[in-house]
Each structure stands twice: as C-alpha cells, then as structure tokens.
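Everything numeric in this text was worked out from a predicted model, so none of it was measured.
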Amino acid sequence: MSIKSVAAKLFASKIYYKTLAWSNKPVETQQKVFKSLIKSAKETQFGADHHFSKIKNVEDFQKNVPVRDYEDLKHYIEKVVKGEENILWKGKPLYFAKTSGTTSGAKFIPLTKESMPHHIEAARNAILHYIHETGNADFVDGKMIFLQGSPILTEKYGIKFGRLSGIVAHFVPKYLQRNRMPSWETNCIDDWETKVDAIVDETIKEDMSVISGIPSWVQMYFERLQQKSDGKKIGEIFKNFNLFIYGGVNYEPYRAKFENMIGRKVDSIELFPASEGFFAYQSRNFGIKNEEGMLLLLNSGIFYEFIKADEFFEKKPKVLTIGEVEIGVNYVLIISTNAGLWRYNIGDTVQFTTLFPHRVIVSGRIKHFISAFGEHVIANEVEKALKEATQGTKIVINEFTVAPQINPSSGLPYHEWFVEFENEPENFDAFAEAIDDSMRKQNIYYDDLITGNVLRKVVVTKVSKNGFQDYMKSQGKLGGQNKIPRLSNDRKIADNLK
C-alpha cells in the first residue's frame with residue numbers, strides 16, 4: 001500500500017465523521033446556512049430591494065423574496081455580467097459558468113470565491129466517502145480520466161467565463177495532477193469527436209483506474225477504445241479500472257451496456273452537480289445499484305426549499321424546508337446560494353429516499369414531463385419502466401427519449417418511445433406491453449387515460465445506431481455536459497429523430 005493511499009484513508013475517515021456531525025442535525029445546519037446567507041447579502045442591491053435588513057427568519061424571507069427562474073433573475077445577472085459589483089452577492093463573482101437551455105439562449109450562472117470551494121470539496125468528499133466505506137484506496141495510484149468541457153476561459157470586466165467542467169479543471173489538486181488525464185492540450189480541443197479520438201490515443205496504453213463523466217459520453221469513449229483495440233473489453237484494456245464516477249443522468253439505463261463493454265461489474269459513485277451548486281453525492285452502497293439515493297449537502301452554502309411538484313403551478317403552493325419533507329414525494333428543488341441565486345428554481349425535481357441523513361434521487365425536470373392529456377409523467381417513471389421491461393432479458397439500451405403523439409394519422413393518440421438498441425427485443429410488441437404495464441402501475445392518471453380509451457398503449461420507435469449522437473451533433477450539443485432529455489411535452493426532438 002502506497003503512502004498516498006494510506007494518507008487518503010486517514011483523510012477519508014476525518015471527512016466521514018465531519019459529515020456525520022452536520023447530517024445528523026439537518027434543521028440546525030440549514031438554519032446556520034440561512035442566517036449566514038442573509039447576513040452576507042444585506043448590503044447588495046438584491047438585499048436592499050428585498051429588505052434583507054428586516055429579515056429575521058425563513059417566513060420573512062419567503063414573504064419578501066418570490067421564487068424565480070433564470071428569466072426572472074436575468075435583469076440582476078445582466079448587471080453582474082457587465083461588471084457591476086454588489087448586485088446579487090458581495091463584490092463580483094470569480095466566474096460565470098455558461099450553460100444552455102433557456103428560451104433566451106445561454107444562461108450565465110455566477111460562481112463566487114465563497115461558492116467555488118464547495119464544488120471542489122463535494123467532488124473530493126464523494127471519493128473520500130467511497131474510500132471510507134469500501135477501504136479501497138489503491139486507485140489513487142493509477143491514472144484518472146475526467147471527460148469534461150474545454151478549460152479555455154474568456155475574461156471580461158475581471159470575471160472569467162467558461163463551462164463549469166472547464167472551470168473546475170483549473171482546481172484539480174496538485175497531488176492529482178500527475179495522475180489526471182487527458183493532457184491539458186487534449187482537454188482544450190473544442191470539437192468533441194476529435195477530442196474523444198485524441199483521448200483514446202492518449203489513454204489506451206495507460207493504467208486507468210478511475211473514469212468519470214456523463215454516461216452517454218463515456219459510452220462513446222468506450223466504443224472508440226474498442227474500435228481501436230480490435231474489440232477488446234474495456235476491463236482488458238484497463239485491468240485496474242474499478243471505479244466509475246458519473247452525474248447528469250441516471251446510470252441504470254446504461255448499466256447493462258457498460259457492464260457488457262467493460263466485461264465485469266465496477267463500483268460507481270453517483271454525483272448531483274450543476275452550475276448552480278453541487279447538491280448531493282452517493283455516500284454508501286457503491287458496489288450495487290444506487291437505489292438509496294445521494295446525501296443532500298446541507299452545509300455547503302446552499303439553503304434548500306421544496307415545493308410538491310403536483311402543486312408547483314398553483315398560484316400559492318406550500319413551500320417546505322428540510323424539517324418538513326417526506327420520503328417518496330416529488331419535490332421541485334428551490335435554492336438560495338452563496339453565489340447570489342435567491343429562491344432559484346433550478347428545474348430539477350427530487351424525491352427523498354431516507355431522512356436523518358437526508359438522501360435524494362433526481363426524479364426528473366419540472367419542465368421535462370409529458371402531460372399532453374393531464375398524465376404528468378416524469379423521468380423517474382419512464383426510467384423505471386424501461387428497467388422493468390429489460391430485466392431478465394438480453395435487451396440492451398444505448399439511449400432513449402419519450403414524446404407524446406397528439407395527432408396520429410390514424411387511431412388514438414399515444415406516447416412514443418424512441419429507443420436506440422444495442423441488443424433489440426425479439427418481440428417488440430411484448431417489449432412495448434411491458435413498458436406500458438409498468439407505466440400504468442406507477443401513474444394512475446396514465447392508467448385512467450388508457451382505461452378510458454383516451455390514449456392507446458405506448459409505441460416503440462427504433463432509432464438507428466448513433467442516431468442520438470447525430471441529433472446532438474446537429475444541434476451543436478455533442479459532448480461536454482449536454483444530455484438528451486428523457487421526456488418532452490412536444491415533438492421537437494421526436495420529429496428530428498424521425
């Protein structure tokens with residue numbers, strides 16, 4: 001055992017007990033965060049506009065500050081982008097993480113000197129929890145790859161701009177720099193396909209022990225490795241590869257394909273990072289499917305509020321704090337942060353799987369659902385349906401998305417499932433039936449629509465090999481942190497895939 005792995009185990013134990021201290025006191029921990037945020041932002045323009053000097057408790061805060069999305073906060077952010085100080089948070093942010101997905105194009109999410117360390121610490125602590133729980137620290141001596149965006153940043157008014165993953169690349173600790181791949185030059189390649197080919201060339205003969213990234217793009221990396229090595233299993237190419245770290249999407253739809261490509265099971269760590277904050281990470285049960293959820297980070301400069309998803313679009317929905325949440329309820333996640341985002345709707349929905357400590361799964365997106373007929377189908381439901389439909393079969397899925405077909409050329413409307421298969425079903429009708437049965441068990445509104453002959457059963461449409469990659473490339477979204485929405489309430493993606 002190396003000195004580095006021994007040191008990692010000692011540090012992991014220290015972080016574990018530190019985490020235990022705050023996670024066992026969730027309400028108290030969040031109250032401390034809340035008071036610190038309000039105190040720090042009293043002298044900002046946002047604080048003045050919303051009477052922070054008079055806010056004594058969460059109730060005052062909720063009365064003075066409405067829930068907002070990016071568009072509602074945009075006029076403040078635009079001032080910060082232009083270099084103005086003390087607008088949303090004291091001083092100016094260090095960075096703006098550029099993301100996409102709003103009706104007005106790019107979003108610019110501030111990262112401050114107070115918020116940035118939490119992004120780095122959370123990623124580090126996720127790995128340390130793995131070491132503490134499993135006792136496995138040998139991987140720290142091998143090579144580690146992080147598939148991410150370009151670290152090239154631009155600067156304006158003393159603020160640097162870039163993709164979050166590219167910004168984070170500047171904060172890799174020195175003790176990991178010698179083990180980290182790809183090289184800086186390769187990481188700076190902008191074209192994703194060219195970049196993946198360069199990464200393959202750099203890594204194929206290395207002792208890779210940890211691989212990290214969004215599953216869909218890691219899958220592309222694995223496929224290129226196999227092409228380059230005459231079809232070898234990834235586990236043959238990288239004999240010491242035993243840890244996969246991922247975030248952004250649920251791993252379960254990819255798990256069977258990954259295990260087949262690798263040639264064996266490997267441990268995995270699920271993360272819940274976003275430009276707006278690093279919210280949660282898996283803290284145990286690393287060798288099995290992560291059905292228990294991820295530890296919600298309550299002491300990381302983020303104050304959380306929760307609104308039941310089925311009440312979110314009401315005029316005055318009830319807003320809950322950490323001491324009021326229940327297991328199994330679908331909540332819209334509302335955050336206030338030390339980067340100056342106040343009662344901000346990030347768009348994700350979560351469900352608590354345990355309390356004390358509070359663990360969550362990401363159940364979907366509040367804007368990514370199907371409710372063309374009032375059924376309000378969410379991502380967690382379609383992912384579970386696909387898992388149940390493939391269980392015990394040889395069916396392997398590469399990628400999928402679901403959209404409503406409201407105006408079919410004949411017959412009743414239906415939900416259309418676009419699926420790219422690695423191994424196809426022997427019987428497509430039976431596969432569609434299994435999906436439909438699972439959906440009806442999970443969602444009573446969907447079941448009522450089928451029973452009442454408003455909808456017919458799901459239709460599965462086969463997508464050609466690399467069809468999803470081709471679609472993302474056509475949209476300028478190949479690679480990086482971009483991912484296919486599991487659900488759409490319109491036909492924009494569906495018609496392109498057709």
Side-chain angles (χ1 to χ4, degrees), residues 123 127 139 142-151 163-166 168-169 172 176 179-271 273 396-400 420 422 465-473 476-484:
I127 296 174
F139 64 87
K143 296 288 187 179
M144 306 178 187
I145 188 168
F146 301 91
L147 293 176
Q148 56 193 190
S150 170
R163 299 286 181 181
L164 176 65
S165 61
V168 169
V172 175
L176 287 180
N179 298 64
R180 180 179 177 275
M181 299 195 80
S183 66
W184 186 266
E185 293 73 21
T186 295
N187 220 10
C188 290
I189 297 172
D190 195 46
D191 180 75
W192 185 252
E193 291 184 286
T194 305
K195 183 174 185 170
V196 171
D197 286 337
I199 291 172
V200 168
D201 290 338
E202 277 192 9
T203 59
I204 196 166
K205 293 184 179 179
E206 296 288 346
D207 180 21
M208 305 302 301
S209 59
V210 178
I211 295 173
S212 175
I214 292 174
S216 51
W217 307 126
V218 174
Q219 179 177 297
M220 183 177 177
Y221 167 59
F222 283 174
E223 288 170 346
R224 299 289 174 92
L225 279 168
Q226 290 189 313
Q227 290 169 10
K228 190 88 173 180
S229 63
D230 297 322
K232 279 186 180 178
K233 297 288 185 182
I234 303 303
E236 292 180 62
I237 301 170
F238 304 137
K239 298 190 186 317
N240 292 311
F241 166 47
N242 280 299
L243 182 59
F244 173 49
I245 304 173
Y246 68 95
V249 298
N250 188 355
Y251 180 39
E252 292 312 312
Y254 301 91
R255 186 181 291 273
K257 173 72 180 289
F258 269 52
E259 289 179 353
N260 181 53
M261 294 176 82
I262 297 166
R264 62 172 184 269
K265 294 181 184 295
V266 299
D267 286 352
S268 59
I269 305 175
E270 182 177 9
L271 310 177
V396 178
I397 308 296
N398 284 342
E399 192 58 273
F400 78 99
E420 181 183 326
E422 180 70 17
K465 180 72 172 174
N466 298 323
F468 283 96
Q469 286 184 18
D470 292 342
Y471 165 72
M472 293 296 277
K473 187 175 182 179
K477 293 184 177 182
L478 188 66
Q481 291 172 285
N482 299 306
K483 43 197 179 284
I484 286 279

S.K.: Are the side chain of Q226 and the backbone N or O of K232 linked by a donor-acceptor pair below 3.5 Å?
M.R.: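 Present.
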
S.K.: Assess whether a salt bridge exists between D197 and K228, defined as any Lys/Arg side-chain N lying under 4.0 Å from an Asp/Glu carboxylate O.
M.R.: no

S.K.: F139: what forms a ring pair (Phe, Tyr, Trp, His ring centres under 6.0 Å) with it, not counting sequence neighbours?
M.R.: Y130

S.K.: Under the ring pair (Phe, Tyr, Trp, His ring centres under 6.0 Å) test, which residues partner Y221, sequence neighbours left out?
M.R.: none

S.K.: Tell me whether S212 contacts the main-chain N or O of I245 through its side chain, where contact means a donor paired with an acceptor under 3.5 Å.
M.R.: yes

S.K.: Less than 6.0 Å separating the ring centroids of F244 and Y251?
M.R.: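 F244 vs Y251: aromatic centres under 6.0 Å.
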
S.K.: Taking NZ, NE, NH1 and NH2 as the nitrogens, is one of them in K257 or E223 under 4.0 Å from a carboxylate oxygen of the other?
M.R.: yes

S.K.: Using the side-chain contact (heavy atoms from CB on, under 4.5 Å) definition, which of the options D207, L225, V266, I145 pairs with F238?
M.R.: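 Result: among D207, L225, V266, I145, L225 is the only option passing the side-chain contact (heavy atoms from CB on, under 4.5 Å) with F238.
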
S.K.: Look at atom NZ of K473 and say whether more than 12 heavy atoms of other residues, nucleotides or ligands are closer to it than 6.0 Å.
M.R.: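 For K473, atom NZ is not crowded (no more than 12 foreign heavy atoms under 6.0 Å).
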
S.K.: Can you tell me if CG on D191 sees more than 12 non-hydrogen neighbours from other groups inside 6.0 Å?
M.R.: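 More than 12 heavy atoms, drawn from other residues, nucleotides or ligands, come within 6.0 Å of this atom.
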
S.K.: Might you point out which heavy atoms bring A169 and R180 nearest each other, and give the distance in Å?
M.R.: CB-NH2, 3.5 Å

S.K.: Keeping the roles fixed (side chain from S209, backbone from F241), state whether a donor-acceptor pair exists under 3.5 Å.
M.R.: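 No, the answer is negative, given that no donor and acceptor are paired below the 3.5 Å cut-off.
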
